[in-house]
Amino acid sequence: MNNDLLAGLNPEQLSAVTWPAKSALVLAGAGSGKTRVLTTRIAWLLQTGQASPAGVLAVTFTNKAAREMQTRLAAMIPVNVKTMWIGTFHGLCNRFLRVHYRDAGLPQTFQILDSGDQSSAIKRLLKSLDISDEKFPPKAVQQFINSQKESGVRAGELSAHDPYTRKLIELYAAYDAQCQREGVVDFAELLLRSYEVLSRNAALSEHYRNRFRFVLVDEFQDTNRLQYAWLKLLAGPDNALFAVGDDDQSIYAFRGAEVGNMRALLSDYGVTGPIRLEQNYRSAGTILDAANALIERNDGRLGKSLWTDAGPGDKIRLYEAYSDGEEAQFIVDEVRALARDGWNLADMAVLYRSNAQSRILEHVLVQSGVAYRIYGGLRFFERQEIKHALAYLRLVANPEDDNALLRVINVPARGIGARSVENLQTASREQGVSLWQALCGAGGGRTAGKLAEFVRLIDSLRQRCEALSLAETISLIIDASGLRAMYEADKKDGEERLANLDELVNAALGFLPQEPAMAVIEFLTQASLEAGDHQADAGADALQLMTVHAAKGLEFDAVFVGGLEEGLFPHENSMNDGKGLEEERRLMYVAMTRARKRLYLSCAQSRMLHGQSRYPIRSRFVDELPAELLQVLSATVKTAAAPVRNAYAQGRIAAAPLAANLGGWKMGQGLHHTKFGDGVVINAEGAGDDVRLQINFAEHGIKWLDLRYAKDKLSAQ
DNA sequence: ATGCCACTAATTTTT
DNA sequence: TTAGTGGCAT
């Protein structure tokens, strides 16, 4: 037996990889070789003959993770990874539903709505029911529907006493009916529908349980209720559910992730305890010590402490800037210094809590001529020109697709205005037929000619496409629909949009369908399930800018975490309850553990937020790090519990513009409160005699005081 | 049908 | 501050 597979694994990794055919929970710390363990275990199962390629189910959250698993597995052993059930929750559910579409009550060619499509479907529904989107904002309805689906609950199982919720439930039911009528499913529906098919059909779930003796899950801490329920259906007591995750890196509770699933797995599957992967192969010792110290403050952890046999490395650099601009300047200066020392820009990242923080960094980066790349923003298949072209494709494939029809009926403008569309929608509702059918039946009216012309366009496209390949079809659609002409006439960004459309044809050219007859459906599915890269110039040597969330799973030689201020990181919306604060702390933990060699933390004493200057204080997370691991680069910073002395207190910056309104108090001024003791003014709002001051008290922490009441209790210091 | 003004809200996000 | 949206005028 060739055991090269197992060479170089540490004892814990080895134990996880060669775990017998029963369930396990692997508590995999950041940088502990999680993906390696997962892929090596699959390779091991196959190589030892414990499993056949068809007998393994491996689930991830992102396409990127799934692809990486496939690539690495293919490099380890000769196996056709394409045929294996390795994929995302959604991708695998799609695959399942394409096979069992009859059991699921779906057309074989069902289409997938991405969140944008779902949003327009909901807006359309609200309109058709004549419901004001004031009272029922589409976003709120969407959120309600998705969170119910992600809890595995259908509209029919819900009840409510208040009329508002009752209406939401009604809308949920009506939305599902609309989707069903149109043969489309949203993301959550892929999961829920698969779950229902399996749970209703004992023979079918039995079949899959027998087939998938080994079920492996990545990022298990991010699973929601429905995903875990789905896993439990596929992995019964006799199957081996092998879940890998890290409760300390659970940062998606806000979108339904349930860390509790980790503990649930232990009891549901009678697993005695997690296998801990604590040896870290990424970061220098000091970074790990600091991260450990931070995360230890969270309650209810499964418990884990990262270590490395690499040396301690550099201390963590801490910089407290006067302003957000100066903070950005510091970061960029430091990046340039490192680059001069031979560090690659692409191996450095600036991480921030919220996207808005990138603006000022960009500004300084442009000024300094440093190449950078921002993660996030529009992705390829989300661009309007791509969506338009694909809507035509959908319409050609299935004219009953109302969403697609509405998207392009007047794009490019062909004289079918809002009122004609409204008439059409009324007609379709009254006759109980799709928009397309209503369109075909439309008699008189002023726009009748235009409508008929549109019908002819789609019909002729369908006919002409029959004999064409996917790429030829898309190419024809772009030309014949008038999209190309429209963007050629658009001087502003037509050129870029045309280039993207060409790119779309290219993508179609390189697309290999599983089943050639289904090429169009498969291509549309892929476009929905895999929206593509954020940016094309990914390969260039450029400084990486992204949110901490986006950085999960990545690593860099040098990491800058900016905006470490109360209210920003931790974010003020999460500061009220302990759960929120702990998630923010995990976010900080994720941020820190991205760094290999060098970690920089920074904050600013004044920051522009929502067009107003704020004077925040340093994040508690900085103070939670052991002082001996930090090297303070700025002159003003004080560590530990003492009130923060900011630039104002030191007279370094002119009084804030607000100062006149503060009822005699100044930003940064020291004061004494009869009850709370000594403190410093750190923020204020209001004017005249309605002023509130935010004060950081040495003993009692940060408080907002209403001057109307607190006036007599305060004295200057 | 398009463009302008006023208004509002303002984390994090994959599929 | 700014980005996105809705109403209204051209």
Side-chain angles (χ1 to χ4, degrees), chain A residues 59-66 87-95 112-119 123 132-134 137-139 142-143 146-147 149-150 185-192 194 218-219 222-224 226-227 249-257 324 351-360 363 375-379 381-382 410-421 447 525-534 546-553 563 567-576 580 583-584 586-588 590-591 607-614:
Chain A
V59 199
T60 64
F61 274 87
T62 65
N63 292 297
K64 195 176 158 207
T88 62
F89 279 101
H90 296 86
L92 294 173
C93 285
N94 170 64
R95 192 164 169 180
I112 298 166
L113 303 182
D114 67 21
S115 11
D117 300 330
Q118 185 187 36
S119 167
K123 284 179 188 155
S132 88
D133 44 9
E134 295 248 298
K139 277 226 177 66
Q142 187 172 16
Q143 162 74 34
N146 287 340
S147 70
K149 286 192 181 186
E150 280 161 12
V185 298
D186 58 48
F187 287 139
E189 186 71 27
L190 284 170
L191 264 298
L192 184 51
S194 314
D218 191 18
E219 305 276 19
D222 289 337
T223 51
N224 61 34
L226 179 57
Q227 286 160 337
Q249 292 189 71
S250 161
I251 57 175
Y252 284 112
F254 72 91
R255 65 175 197 212
D324 45 2
L351 310 184
Y352 34 79
R353 175 67 238 270
S354 65
N355 287 304
Q357 289 167 257
S358 71
R359 174 167 263 116
I360 190 150
H363 178 74
Y375 277 64
L378 262 198
R379 305 168 71 194
F381 283 101
E382 288 165 356
N410 200 32
V411 177
R414 46 174 70 89
I416 305 176
R419 63 196 176 284
S420 326
V421 172
T447 43
T525 297
Q526 205 208 26
S528 299
L529 249 30
E530 222 173 313
D533 279 329
H534 282 294
M546 66 192 84
T547 63
V548 180
H549 283 93
K552 199 176 100 171
L568 195 58
F569 199 174
H571 196 277
E572 56 187 338
N573 297 359
S574 311
M575 280 167 60
N576 297 322
E583 181 145 317
E584 296 287 310
R586 290 193 291 271
L587 209 42
M588 178 69 180
V590 168
R607 179 175 299 274
M608 253 332 196
L609 207 64
H610 309 327
Q612 275 193 316
S613 282
R614 302 285 194 110

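The shown structure was predicted, so the numbers you read here are calculated from the model rather than taken from an experiment. Proteins get letters first, then strands, A, B, ... in listed order; numbering begins at 1 in each.
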Evaluation steps, side-chain contact (heavy atoms from CB on, under 4.5 Å), between Leu587(A) and Phe569(A): CA-CA 9 Å; Leu587(A) 209 42; Phe569(A) 199 174; 4.1 Å; yes
In whole angstrom, give the distance that lies between atom [atom1] of [X] and atom [atom2] of [N].
X	N	atom1	atom2	result
Lys552(A)	dT15(B)	NZ	P	12 Å
Leu378(A)	dT14(B)	CG	P	12 Å
Arg359(A)	dT1(C)	CZ	C1'	8 Å
Lys123(A)	dT5(C)	NZ	P	6 Å
His90(A)	dT13(B)	NE2	P	17 Å
Arg379(A)	dT15(B)	CZ	C1'	9 Å
His363(A)	dT1(C)	NE2	P	14 Å
Met546(A)	dT14(B)	CE	P	12 Å

Could you pull out the closest heavy-atom pair between Glu583(A) and Ala253(A), with the gap in Å?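 Here Glu583(A) and Ala253(A) meet closest at OE1-CB, 2.9 Å.
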Could you pick out which residue, Thr88(A) or Asn410(A), lies toward the 5' side of DNA chain B when each is mapped onto its nearest nucleotide? Asn410(A)
Looking only at atom P, what distance separates dT12(B) and dT5(C), rounded to whole Å?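 Between the two P atoms, the distance is 16 Å.
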For atom C1', what is the distance between dT14(B) and dA3(C), given to the nearest Å?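 The same atom, C1', in both gives a distance of 23 Å.
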Using the rule given for side-chain contact (heavy atoms from CB on, under 4.5 Å), can you reason through Glu219(A) versus Tyr252(A), listing the C-alpha separation, both sets of side-chain angles and the distance that settles it, and then say yes or no? CA-CA 11 Å; Glu219(A) 305 276 19; Tyr252(A) 284 112; over 6 Å; no
Does this structure show an ion pair linking Arg255(A) with Glu150(A), if we count only N-O contacts that are shorter than 4.0 Å?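 No, this pair does not count.
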Salt bridge present between Asp222(A) and Lys552(A) (N-O < 4.0 angstrom): yes
Main-chain N/O of Leu568(A) paired with Arg353(A) side-chain donor or acceptor, under 3.5 Å: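 Flag not set: sc Arg353(A) to bb Leu568(A) has no pair under 3.5 Å.
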Could you run through nucleotides 2-12 of chain B and give me one letter per nucleotide, 5' to 3': B if any protein heavy atom sits under 4.0 Å from the base, S if only the sugar-phosphate is that close, - if neither? --------BBB
Among the nucleotides dT13(B), dT15(B), dA1(B), whichever has the atom closest to the side chain of Thr62(A) is dT15(B)
Results of side chain to side chain contact (heavy atoms under 4.5 Å, CB included) for Thr525(A) - residues two or more places apart only: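 Listed in chain order: Asn94(A), Arg98(A), Ile112(A), Ile521(A), Leu529(A).
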With distance as the sole criterion, do the side chain of Ser115(A) and the base of dT15(B) form a donor-acceptor contact below 3.5 Å?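 In this structure, the two groups form a donor-acceptor pair.
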Under 4.0 Å, counting only non-hydrogen atoms across every strand here, what does Asp222(A) touch: a base, just sugar-phosphate, or nothing? nothing
